[in-house]
Every structure is written in structure tokens, then in C-alpha cells.
Amino acid sequence: MSYVSPKDFTTKMIDAGEAKVFMATRDTLIRAFMAGAILALAAAFAVTVTVQTGQPIVGALLFPVGFCLLYLLGFDLLTGVFTLVPLALFDKRPGVTVRGMLRNWGLVFTGNFLGAFTVAVMMAVIFTYGFAMPPNEVGQAIGTIGEGRTVGYAEYGAAGMLTLFLRGVLCNWMVSTGVVAAMMSTSVSGKVIAMWMPILLFFYMGFEHSIVNMFLFPSGLLLGGNFSVGDYLIWNEIPTVVGNLVGGLAFVGLTLYATHAKTGASRKPALSADLPRDAAVPADTTPVGAR
């Protein structure tokens, strides 16, 4: 699988974060738009498969195809740049600033949303034959998802908000693990295998991904879901974005950076005084007459 060592792929992570900070605005937006659109199509595909088979595990098994494609094509998700870009700042790469990092995040968020929303409109048209009839079975399922994961959280108040936030944290812990795992191999097959499992896990477990939600919730609103734009923003998108940031940065980016890029000092060998009492003592080979 052409394995890359942790020290080497951690350096690649920092290099990738630095490159994203200095990427041209048009390229950042285009890559983010395409990433959001492809992930939205994968989500629509997974929901369709789940509805048609009645087996959520089948949809989860197939959903990672979208993530693998967008990664291999060099497109950017907000969840990925949350993890990679700050590393270039922590590593004090020349020219990398907080402002540059926030600029990148803002552009990627905008591009992701536009891409996901474009697909949401297209799929809503397909599910309703151009809004000439009620949504089909898949469209109804998407509307139900939107309700359950907005007003469904709101019913529990602070406990619901905490649950939503932690689902966002766990989501990007897995998604960013997939991003990093792809760097562990130099072969396409190795990258795909490494990415597939953590992405499958987050989708099947129902964790909250800010970009997937940019498709699911606008789609739900277009298809008659019983929730509002305010419900979507307050009881899903905003807490999910914050949770994704914490999960990717704290549990993936910083942990790898701390232990592979900024490795702690190695412990010194134990002194003789620290040896066990029953340790063998070298025999005195000094000639008797010289003692």
C-alpha cells in the first residue's frame, strides 16, 4: 500500500495547510463548490439506497464513494481545512496568519454551501417532477431527517444542544481521520481503503457533518419539511460547524502535530542507581597484586 510514516504524513498535513492559505480565491471557491456538490450527491445517493433497501448500513457502506472522489480530485471541505490549515499557523510557516486562516475558512464555507445548495435544488426538482407533485418517497425521507435533526434537538433544550455539538465533534474526528489516513499511502487503492472506514462510521452513526447538512436541510425545506431556516441555523448548522472545528482540530490535527511534528524529548537511559537490586554486578578483573 506504499505506507508513509506518521512523521512524514504529518509534515504533508502542515504543507497542505500552508498551501491552502495561499491558494487563489477563485481556486479556493471552485474547489470548495465542487466538494460540496459531490458530497451532496453522495448523501442523496445514500438516502436513496437506504429508502429503497430499508437497510441504513447499505447506504452508509456506499456513501464514502463521494468523499473519496472529492479528495482524489483535490477539492476542499470545510471539515478538512478546519484540521489542516491551523497546523501551518502553529508551525509558524512564513506568511501564515490568523487572518489568512479565517479567509480560507470563509471561502471554503461559502463554496461548500453554494455547491451543496445547488444540488439540493436539483434533487428537489427531481423528487417532485419540477414541484408539479408531492415529493416522492426519498424526498419525504429527507424532509423527515430535517425535522428530526433540528426541532428534534430543540425539544430537549440544552441537552439537545449538547448532543448536537458532540455529534459534530465526533463527526469531524472521523472525517479528518479519513483525510489524514489518505496521506498514509501513495497509491490510489491505499488512499481509498484508508478513507472508507472512518467515513462509513460517521455516516452510519448519524454524526453531524456541516457540509452534508448544507444539502439535507435546504432540501428538507424545499420538500416541505416542518422546520424553519432559523431552526436549521440555530439547531443544526451553527453548532455543527463549531463541533466539527473542535473535533477535527483537537482530536486529529493537534494530536498528530504534537506527537509527530513537535515530538517531546526522549527519556534518558536509566542510571546504574536505578537498576534493580538483583541486577548482575560485573566481576572485578583487577590483578590481585595491583589492588
Side-chain angles (χ1 to χ4, degrees), residues 32-33 35-48 50-51 56 59 63 66-67 77-82 105-128 131 134-172 175 202-203 205-248:
F33 179 94
I38 291 174
L39 201 68
L41 283 168
F45 171 54
V47 174
T48 300
T50 298
V51 169
F63 171 75
F67 183 87
L77 289 174
L78 183 65
T79 44
V81 298
F82 272 166
W105 287 357
L107 290 173
V108 173
F109 179 95
T110 302
N112 284 170
F113 181 80
L114 292 174
F117 185 75
T118 298
V119 173
V121 173
M122 290 179 176
M123 296 307 300
V125 170
I126 292 171
F127 292 147
T128 61
F131 300 101
N136 62 13
E137 191 177 7
V138 177
Q140 293 173 19
I142 291 176
T144 301
I145 293 172
E147 292 176 22
R149 288 162 67 170
T150 51
V151 294
Y153 288 124
E155 290 178 4
Y156 295 94
M161 184 64 74
L162 176 62
T163 301
L164 169 59
F165 171 75
L166 290 178
R167 283 184 170 178
V169 170
L170 290 168
C171 172
N172 207 25
V175 172
F202 110 72
F203 195 84
M205 293 293 289
F207 297 153
E208 298 286 354
H209 191 282
S210 53
I211 316 307
V212 171
N213 292 351
M214 289 176 183
F215 162 73
L216 290 175
F217 294 88
S219 290
L221 290 168
L222 290 168
L223 296 168
N226 189 23
F227 63 100
S228 67
V229 173
D231 292 329
Y232 160 56
L233 293 176
I234 301 301
W235 287 100
N236 194 283
E237 191 63 35
I238 295 174
T240 296
V241 167
V242 177
N244 287 170
L245 172 59
V246 172

- prompt: Any sub-3.5 Å donor-acceptor pair from Asn136's side-chain atoms to Gly139's backbone N or O?
  reply: yes
query: Is the OH atom of Tyr156 crowded by more than 12 outside heavy atoms at less than 6.0 Å?
result: no
- request: Can you see which heavy atom on Val138 is nearest to which on Thr48, and at what distance?
  value: CG1-OG1, 3.6 Å
- line: To the nearest 0.5 Å, atom CZ of Phe109 lies from atom CG of Leu78 at 7.0 Å
query: Rounded to the nearest 0.5 Å, what separation is found between the CZ atom of Phe63 and the NE2 atom of His209?
result: 6.5 Å
- prompt: Atom CG of Leu216 and atom CD1 of Ile142: how far apart are they, to the nearest 0.5 Å?
  reply: 6.5 Å
task: For residues Phe215 and Leu39, determine if any side-chain heavy atom of one lies less than 4.5 Å from a side-chain heavy atom of the other.
output: no
- request: Look at atom CE of Met122 and say whether more than 12 heavy atoms of other residues, nucleotides or ligands are closer to it than 6.0 Å.
  value: no
Check: Asn226 side chain, Glu147 main-chain N or O, donor-acceptor pair, under 3.5 Å: no
field: side chain to side chain contact (heavy atoms under 4.5 Å, CB included) assessment of Phe113 paired with Glu237
entry: CA-CA 11 Å; Phe113 181 80; Glu237 191 63 35; over 6 Å; no
- prompt: What's the shortest heavy-atom distance between Pro218 and Phe117, and which atoms?
  reply: CB-CD1, 3.7 Å
- prompt: Under 3.5 Å, is there a donor-acceptor pair between the side chain of Asn172 and the main chain of Thr79?
  reply: yes
statement: Heavy atoms of Pro135 and Thr128 approach each other most closely as CA-CG2, 3.7 Å
message: Classify the ring geometry of Tyr232 against Phe217: parallel below 30°, tilted from 30° to 60°, perpendicular beyond 60°.
response: parallel
- request: Evaluate the criterion side-chain hydrogen bond (donor to acceptor under 3.5 Å, both in side chains) for residue pair Ser228 and Asp231; output intermediate values, then yes/no.
  value: CA-CA 5 Å; Ser228 67; Asp231 292 329; 3.1 Å; yes
message: Could you walk me through whether Phe67 and Val175 satisfy the side chain to side chain contact (heavy atoms under 4.5 Å, CB included) test, starting with their C-alpha distance in whole Å, then the side-chain angles of each, then the deciding distance to 0.1 Å, before giving a yes or no?
response: CA-CA 9 Å; Phe67 183 87; Val175 172; 3.8 Å; yes
- request: Carefully, step by step, assess Asn236 and Phe227 under the rule side chain to side chain contact (heavy atoms under 4.5 Å, CB included).
  value: CA-CA 11 Å; Asn236 194 283; Phe227 63 100; over 6 Å; no
task: Measure the spacing between CE of Met214 and CG of Leu114 and express it to the nearest 0.5 Å.
output: 9.5 Å
query: Is there a side chain to side chain contact (heavy atoms under 4.5 Å, CB included) between Glu208 and Phe165 once you walk through the steps?
result: CA-CA 8 Å; Glu208 298 286 354; Phe165 171 75; over 6 Å; no
- request: Measure the SG-CG distance between Cys171 and Leu166 for me, rounded to the nearest 0.5 Å.
  value: 12.5 Å
- prompt: Is Asn244 reaching over with its side chain to a backbone N or O of Ser210, donor-acceptor style, under 3.5 angstrom?
  reply: yes
